Amino acid sequence: MKKIFSLVLISLLLIGLAHPAAASDNNSDKKSINEKFGVPIVVYGETLTAEQKKSVQEQLGLDENEDVEEFTATGEDLVKYIEGENRNARMFSSAKITRQEKGQGLNVEIVTPEKITEVTESMYANALLTAGVENANVEVASPVKVSGHSALTGIYKAYDVSGEKLDSVRMEVANEELNVATQLAEDAGIDKEKVSELLTEIKKEISEQDPATKEEVEKIVEEKLQSMNIKLSPEDRQLLVDLFDKIRSLDIDFDNVQQQLQDLTEDIQSTIKDIVNDEGFGQKVSDFFTGLLDAIADLFKSIKNLFA
């Protein structure tokens with residue numbers, strides 16, 4: 001009996017010793033704060049209900065162990081950052097922005113890809129580089145299916161409240177770039193990633209050639225369309241020329257974003273390769289089941305002939 005009591009006592013002591021250690025481990029789960037940039041900023045679309053906001057928090061992986069600043073992007077913010085927009089627009093897209101040290105690059109992740117129907121990660125990245133957003137991790141989420149355009153407003157607000165003002169003209173051109181990208185994908189029937197690759201390649205050429213006139217921009221656009229074998233209507237071609245003429249006239253230090261553009265190109269090409277491979281796999285699966293059904297049909301036909 002004494003032996004059993006001793007074992008129980010030892011077990012209780014061990015549990016007591018383990019408990020503070022576990023508490024210490026829980027505290028260590030709390031992410032380290034970058035004192036230079038502060039905690040990550042999360043901006044929610046103002047149309048979200050309380051339940052939808054909770055869903056977005058889960059999608060972004062937010063919990064009690066993570067310190068974040070939270071804000072709401074409103075219709076007033078939309079017209080403040082992007083001229084000519086509708087202040088009554090419905091805004092569901094939300095974003096979490098974690099600023100990084102110089103050289104870390106811009107990384108965009110759509111954590112709910114099935115809910116963002118028009119804008120891709122590379123489209124966001126391209127537009128944000130135009131707006132002046134660099135060296136940051138950006139996560140985008142929505143609890144319902146949306147185009148994804150309003151997420152830009154939330155990202156702009158995150159920089160505003162953090163004290164880093166983005167250039168208003170660059171923000172407007174970035175929004176126009178996002179609109180052109182989604183319009184080309186929808187109206188011209190071009191794959192979304194192919195559109196992103198086209199925009200990135202034109203931007204890289206502009207950074208290398210430093211065109212001085214709209215005519216030189218038009219030449220770059222035409223050359224890229226030909227080399228990438230993309231056919232557009234005259235109207236869509238003009239959209240691209242007008243867009244990149246505006247980008248040319250912006251005060252963008254392309255030397256600073258050259259590597260990020262190259263990284264973006266590699267990410268896009270990798271994504272396109274994955275899509276092609278997935279389609280090839282899907283075709284193989286389809287061919288397998290088609291062959292299987294044909295074989296079953298032939299088997300039953302043989303059995304029928306056997307008893308005929």
Side-chain angles (χ1 to χ4, degrees), residues 29-31 38-82 85-100 106-128 131 133 136-162 166 171 174-175 177-183 185-186 191-193 195-196 267-268 271 274-275 278:
D29 286 342
K30 206 164 189 177
K31 295 181 180 178
V39 298
I41 295 176
V42 179
V43 185
Y44 305 99
E46 80 168 325
T47 312
L48 295 176
T49 64
E51 185 177 350
Q52 288 171 334
K53 181 178 177 180
K54 184 177 179 181
S55 175
V56 167
Q57 290 171 332
E58 293 173 356
Q59 291 161 350
L60 292 173
L62 302 180
D63 57 41
E64 66 276 6
N65 289 324
E66 185 170 6
D67 288 327
V68 296
E69 283 191 89
E70 297 182 313
F71 298 90
T72 299
T74 67
E76 293 300 322
D77 292 321
L78 181 61
V79 297
K80 173 184 177 182
Y81 299 123
I82 306 171
E85 291 296 316
N86 180 10
R87 61 172 29 89
N88 296 316
R90 290 169 62 79
M91 302 174 68
F92 291 95
S93 305
S94 303
K96 175 185 174 185
I97 299 88
T98 307
R99 295 170 65 195
Q100 303 289 319
L106 176 63
N107 303 294
V108 180
E109 178 186 4
I110 299 176
V111 298
T112 56
E114 72 284 355
K115 301 296 186 183
I116 306 296
T117 61
E118 293 185 10
V119 186
T120 66
E121 292 173 349
S122 52
M123 287 180 183
Y124 278 128
N126 247 321
L128 289 172
V133 175
N137 290 332
V138 178
E139 299 167 74
V140 179
S142 174
V144 297
K145 285 190 174 183
V146 292
S147 66
H149 288 76
S150 67
L152 277 188
T153 302
I155 298 167
Y156 295 161
K157 182 165 186 173
Y159 274 78
D160 196 354
V161 298
S162 70
L166 298 174
M171 285 190 288
N175 187 65
E177 179 179 343
L178 199 62
N179 289 336
V180 169
T182 54
Q183 183 174 333
E186 184 176 354
D191 179 82
K192 293 176 184 177
E193 292 301 331
V195 170
S196 292
D267 289 342
I268 294 170
T271 301
D274 290 341
I275 291 172
D278 286 345

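Remember, predicted model here, so these are calculated numbers, not experimental data. Residue numbers start at 1 and run along the sequence shown.
- Here the side chains of Thr271 and Ser122 are not in contact, with every heavy-atom distance at 4.5 Å or above.
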Inset, instruction - With side-chain contact (heavy atoms from CB on, under 4.5 Å) as the test, would you mind laying out the steps for Ser94 and Leu48 before giving the verdict? - result: CA-CA 9 Å; Ser94 303; Leu48 295 176; 3.4 Å; yes
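- The salt bridge (Lys or Arg N to Asp or Glu O under 4.0 Å) check on Glu51 picks up nothing, with sequence neighbours excluded.
- Scanning all heavy atoms of the two residues, the minimum distance from Leu62 to Glu70 falls at CD1-OE2, 4.4 Å.
- When the side chain to side chain contact (heavy atoms under 4.5 Å, CB included) test is applied to Ser150, the partners found at least two apart in sequence or on another chain are Met91, Ser93.
- Looking at every heavy atom in both residues, His149 comes nearest to Tyr124 through N-OH, 4.5 Å.
- Judged as a side-chain hydrogen bond (donor to acceptor under 3.5 Å, both in side chains), and not counting sequence neighbours, the contacts of Asp160 are Lys80, Tyr81, Lys165.
- Ile155 CD1 to Met171 CE: the interatomic distance, rounded to the nearest 0.5 Å, is 12.0 Å.
- Residue Asp267 holds its CG atom at 9.5 Å from CD of Glu193, rounded to the nearest 0.5 Å.
- Counting heavy atoms from C-beta outward, Tyr44 and Val56 have side chains that approach closer than 4.5 Å.
- Partners of Arg87 by salt bridge (Lys or Arg N to Asp or Glu O under 4.0 Å), not counting sequence neighbours, listed by chain and number: Glu76.
- Lys145 is not listed as a side-chain neighbour of Phe92, based on a closest heavy-atom distance of 4.5 Å or more.
- Atom-to-atom distance recorded for Leu78:CG and Glu85:CD is 5.0 Å, nearest 0.5 angstrom.
- With sequence neighbours left out, Asp191 forms a side-chain hydrogen bond (donor to acceptor under 3.5 Å, both in side chains) with no residue at all.
- Judged as a salt bridge (Lys or Arg N to Asp or Glu O under 4.0 Å), and not counting sequence neighbours, the contacts of Asp77 are Lys157.
- Expressed to the nearest 0.5 Å, how far CD of Glu177 lies from OG1 of Thr182 amounts to 11.0 Å.
- Annotation: side chain to side chain contact (heavy atoms under 4.5 Å, CB included) contacts of Gln183 (sequence neighbours excluded): Asp187, Asp236, Leu239.
- The minimum heavy-atom distance between Ala127 and Ala174, with the atom names listed, is O-CB, 3.1 Å.
- In this view, Asp63 and Asn65, Glu66 satisfy the side chain to side chain contact (heavy atoms under 4.5 Å, CB included) rule, not counting sequence neighbours.
- Under the side-chain hydrogen bond (donor to acceptor under 3.5 Å, both in side chains) criterion, Thr98 pairs with no residue at all, not counting sequence neighbours.
- Residues that satisfy the side chain to side chain contact (heavy atoms under 4.5 Å, CB included) test with Ala158, not counting sequence neighbours, are Ile41, Val43, Ile97.
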Result block: side-chain N/O donor-acceptor pairs under 3.5 angstrom for residues 107-118, not counting sequence neighbours:
| residue | atom | partner | partner atom | Å |
| --- | --- | --- | --- | --- |
| Asn107 | ND2 | Asn137 | OD1 | 3.0 |
| Thr112 | OG1 | Ser142 | N | 3.1 |
| Thr117 | OG1 | Val146 | O | 3.1 |

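- The CG atom of Asn126 sits 6.0 Å away from atom CD1 of Ile268, with the distance rounded to the nearest 0.5 Å.
- Checked against Leu152 for a side-chain contact (heavy atoms from CB on, under 4.5 Å), the options Val133, Val140, Leu128 give a single hit: Leu128.
- Remark: Ser55 pairs with Gln59 by the side-chain hydrogen bond (donor to acceptor under 3.5 Å, both in side chains) rule, at least two apart or across chains.
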